[in-house]
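Okay, so here's the structure we're looking at.
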Amino acid sequence: MLDLKFIRQNPDLVREGARKKRISCDIDAILRLDEDARARGVELDQLRAEQNTFGALVAKSPPAEKKALLERLAAIKVRHNALEVGQRELEAELHKLLLRVPNVPADAVPEGKDDSENVVIKLWGEPRKFEFAARDHVALGEAQGWLDIERAARLSGSRNYVLKGDLSLLEGAVMRFALDMMVARGFVPLSVPTLVRNEIMVGTGYFPGGEDQAYRCDDRDDLCLVGTAEVPVTALHMDEIHRLEDLPLRYVAQSSCYRREAGAAGKDTRGLYRVHQFQKVEQVVIDVADPARSIEHHQAILQNSEDLLQALELPYRVVNVCGGDLGAPQIQKFDIETWMPSRAGYGETHSASRFHEYQSRRLNLRYRDGEGKVRFCHTLNNTVAASARILIALLENHQTAEGRLRLPPALVPYMGGRQVVGRAL
RNA sequence: GGAGUGGUGGCAGAGUGGCCGAAUGCGCUAGAUUGCUAAUCUGGUGUCUCUUUUAUUGGGGACCGCGGGUUCGAAUCCCGCCCACUCCGCCA
């Protein structure tokens, strides 16, 4: 959410930001409502002030004077109530619109309509050239008895999977490696709920707008399954005012992630690429409202994930996500795409976002600065490792000619000291 | 799921219709005092918002879990919800 004052003072900047993101929103309607609401607010405050002064007199007045006072107060109340009802409606409407105003993207965000116009800013590693007929992760996984998609479909429908044996262990190994790496870098590990209140989804910017992508409980419970640990971790300190010396907060959390993938029918239907449930280790940073510092954090959390991919010996590229592919909440986003031979291309595995105050304003997540002023925090997050997709990359990039799987040295200690797993096919 | 108790400022805790944005204590903070530290004394110490001022400042309004209601007036009374705790039941 943007500051209403900011919108008032920079309407063109906000309009231009929305245009760049290809998100429609009616700034003029907001400004009109805002002006109207403030005018009514002033009048309401005046009426309340009168009410307060005369009300206090009632108690002290002799009975003879009370009647006149009460009559006067009754008149005030009539006007007040009429105004107040309208004011409530106005404010509710204003808030509704405000929730949908997109954050203003950074100048460094490239123009573009969708992901095809994201700008590659870095390449690392060489895609491997196979001197044998390479299998895709499904073929390899099924041949090794590591992957069972058919039975998973019986349990839970399409886009689900069962991992078995060494692949199940490998999932745990990657997650634990990611977690350990982040803890070594000073991030505080958290285990958090994956079922959160509706309010938390709004606070982190997923609602309104993303309802179709989230699994919701029925109306017995006001709960949603999160698509990422970003949600509960970023919201952990909502409604709090942090002391300056407690910032920055650096958190890392592993969680299950749930995505409905509505509207993706027929897209990426094979294998583990687009699934309803996966494991992910996520990093979240909460710090002071300093744009330069946010940029430093952004670089740092991007680097963390690059370091992980390099340790896993997986070729990747970093893209600067263009306006049209950016979500409403982000100032800027870098995606990391990892080489996946079966796609003959790079597939998105990480997403590093910078939000400024957009989330913290919704979450009422604040701190007291050096002058004692209360301000909204800046928030950022990035994937460290997301299980299903990182397994695709590991299986496909590190398969051997015999159909076995070579493990990068970083994972060897997490797989019982083995350097290769699976039998020769 | 049933029965009960409770939710007040950073924390503890008083407040049961106007004298309450809220006692008191702790914490924090500034100053005084003391060779230093500790202790003691004095002052300050919530958030949001409108308005005024170049700014400091001044004035108004709102907020005592959340949302409604009663009343001229609500932290206080009533209703709904959320949360916590205790007991019972059920269950991994």
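Below, chain A is the first sequence line, B the second, and so on; all start at residue 1.
- Side-chain contact, A:Asp287 with A:His297: a donor N or O sits under 3.5 Å from an acceptor N or O.
- One can place CD of A:Glu371 at 17 Å from P of B:A55, the figure rounded to the nearest angstrom.
- One atom, CZ of A:Arg375, and another, P of B:U47, lie 15 Å apart when rounded to the nearest Å.
- Inter-residue side-chain proximity for A:Ile390 and A:Leu314 is flagged as met; some heavy-atom pair is nearer than 4.5 Å.
- Residues A:Gly372 and A:Arg38 both approach RNA chain B. Their nearest nucleotides, taken by heavy-atom distance, put A:Gly372 toward the 5′ side.
- A close approach under 4.0 Å does not occur between any side-chain nitrogen or oxygen of A:Arg368 and OP1 or OP2 of B:C28.
- Scanning residues 192-210 of chain A for heavy-atom distances under 4.0 Å to RNA chain B yields A:Arg197.
- At a threshold of 4.5 Å between non-hydrogen side-chain atoms, the residues A:Leu47 and A:Arg79 count as touching.
- With B:C50, B:U47, B:C72 as the candidates, the nucleotide lying closest to the side chain of A:Lys5 is B:C50.
- Of the residues A:Glu230, A:His378, A:Gln330, the one that meets the side-chain contact (heavy atoms from CB on, under 4.5 Å) test with A:Gln359 is A:Glu230.
- No side-chain N or O of A:Glu348 forms a donor-acceptor pair with one of A:Thr338 less than 3.5 Å apart.
- Nearest to the side-chain atoms of A:Lys77 among the listed nucleotides B:C48, B:U71, B:C50 stands B:U71.
- Among the protein residues, A:Val58 comes within range of the nucleic acid bases, having at least one heavy atom under 4.0 Å from a base atom.
- Nucleotide B:C50 holds its P atom 17 Å from the CD atom of A:Glu43, rounded to whole Å.
- Here the separation of B:C48 from B:U56, taken at their P atoms, is 15 Å to the nearest Å.
- Counting any heavy atom pair closer than 4.0 Å across all strands shown, A:Arg366 reaches sugar-phosphate atoms only and no base atom.
- Spacing between B:G9 and B:C64 at atom P, rounded to whole Å, works out to 10 Å.
- Here the C1' atom of nucleotide B:G73 and the CZ atom of A:Arg72 are 16 Å apart, to the nearest Å.
- Between A:Ile200 and A:Met238 there is a side-chain heavy-atom pair separated by less than 4.5 Å.
- A:Asn52 comes within 4.0 angstrom of sugar-phosphate atoms only, judged by non-hydrogen atoms across all strands, and of no base.
- Distance CG (A:Asp239) to P (B:C48): 12 Å, rounded to an integer number of Å.
- At a threshold of 4.0 angstrom between heavy atoms, the contacts of A:Gln51 are confined to the sugar-phosphate backbone, with no base atom among them.
- Among the protein residues, A:Arg40 comes within range of no part of the nucleic acid, since none of its heavy atoms lies under 4.0 Å from any strand.
- Of the candidate nucleotides B:U47, B:A62, B:G73, B:A62 has the atom lying nearest to any side-chain atom of A:Arg48.
- When only modelled atom types and interatomic distance are considered, A:Tyr367 and A:His237 share no side-chain donor-acceptor pair under 3.5 Å.
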Dump the intermediate steps for side-chain hydrogen bond (donor to acceptor under 3.5 Å, both in side chains) on A:Gln46 and A:Glu50, then the final yes or no.
CA-CA 6 Å; A:Gln46 281 165 357; A:Glu50 282 181 53; over 6 Å; no
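- Side-chain proximity of A:Arg88 to the nucleotides B:G68, B:C72, B:C48 is greatest for B:G68.
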